[in-house]
Amino acid sequence: MILEIDDTEALTGAALERITADELLPELERAHAESAVREDEAEALAYLVDPFDLIAEVPGVELAQASWSSEEIEYDPDDEDWDLDEEDETDEEDGDGGPRP
């Protein structure tokens, strides 16, 4: 999934609001979460998007584990050199277990 964040302040603000509204979050964890959200947009996104909610209504699918990773890239969907499958092809060539599901 490729996301473009075009308003980091709105994203961070929404995540901070969610953290503030969480009455069950202990103060120490709240302080850590607020700090992480202010420092990294990926952390803010992680507080707003629940992977379980994303697939809850998809028939035949059960989410066993979810993790987040992110990197900042220059993405141009019109660039002919942009190949989303490039990493998979490299892994296959390296003998990393063949095609990915």
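Positions are given from 1 along the sequence.
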Peer 1: Applying a strict under-4.5 Å side-chain criterion to I, L, V, M, F, W and Y, I'd like to know whether L25 and L28 cluster together.
Peer 2: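 Different hydrophobic clusters.
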Peer 1: Among residues at least two apart in sequence or on other chains, which ones pass side chain to side chain contact (heavy atoms under 4.5 Å, CB included) with L48?
Peer 2: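 L48 satisfies side chain to side chain contact (heavy atoms under 4.5 Å, CB included) with L11, A14, A15, R18 once adjacent residues are dropped.
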Peer 1: Can you sort out the partners of E27 under salt bridge (charged side-chain N to carboxylate O under 4.0 Å, His left out), two or more places apart, ordered by chain and number?
Peer 2: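 Testing E27 for salt bridge (charged side-chain N to carboxylate O under 4.0 Å, His left out), a comparison that skips the adjacent residues, returns R30.
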Peer 1: Rounded to the nearest 0.5 Å, what's the gap from CG on D22 to CD on E29? Could you check?
Peer 2: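 Result: 9.0 Å between the selected atoms.
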Peer 1: Output yes when a side-chain donor or acceptor of S35 lies under 3.5 Å from a complementary backbone atom of A31, and no otherwise.
Peer 2: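 Not at all, since once roles are kept as given, no pair shorter than 3.5 Å links the two residues.
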Peer 1: Are side-chain heavy atoms of E34 and T20 found at a separation under 4.5 Å?
Peer 2: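 Yes, at least one pair of side-chain atoms sits under 4.5 Å.
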Peer 1: Quick one: OG1 on T12 to CD on E39, what's the gap to the nearest 0.5 Å?
Peer 2: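 Reported value, rounded in 0.5 Å steps: 11.0 Å.
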Peer 1: Return the CD to CG distance between E41 and L3, rounded to the nearest 0.5 Å.
Peer 2: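 Between atom CD of E41 and atom CG of L3 there are 12.0 Å.
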Peer 1: Are Y47 and L16 grouped together when hydrophobic residues (ILVMFWY) are joined by side-chain heavy atoms under 4.5 angstrom apart?
Peer 2: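 Per the 4.5 Å side-chain linkage, Y47 and L16 are co-clustered.
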Peer 1: Are I5 and L54 joined in one hydrophobic group, where the rule is that I, L, V, M, F, W and Y side chains link up if heavy atoms are under 4.5 Å apart?
Peer 2: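 I5 and L54: one cluster.
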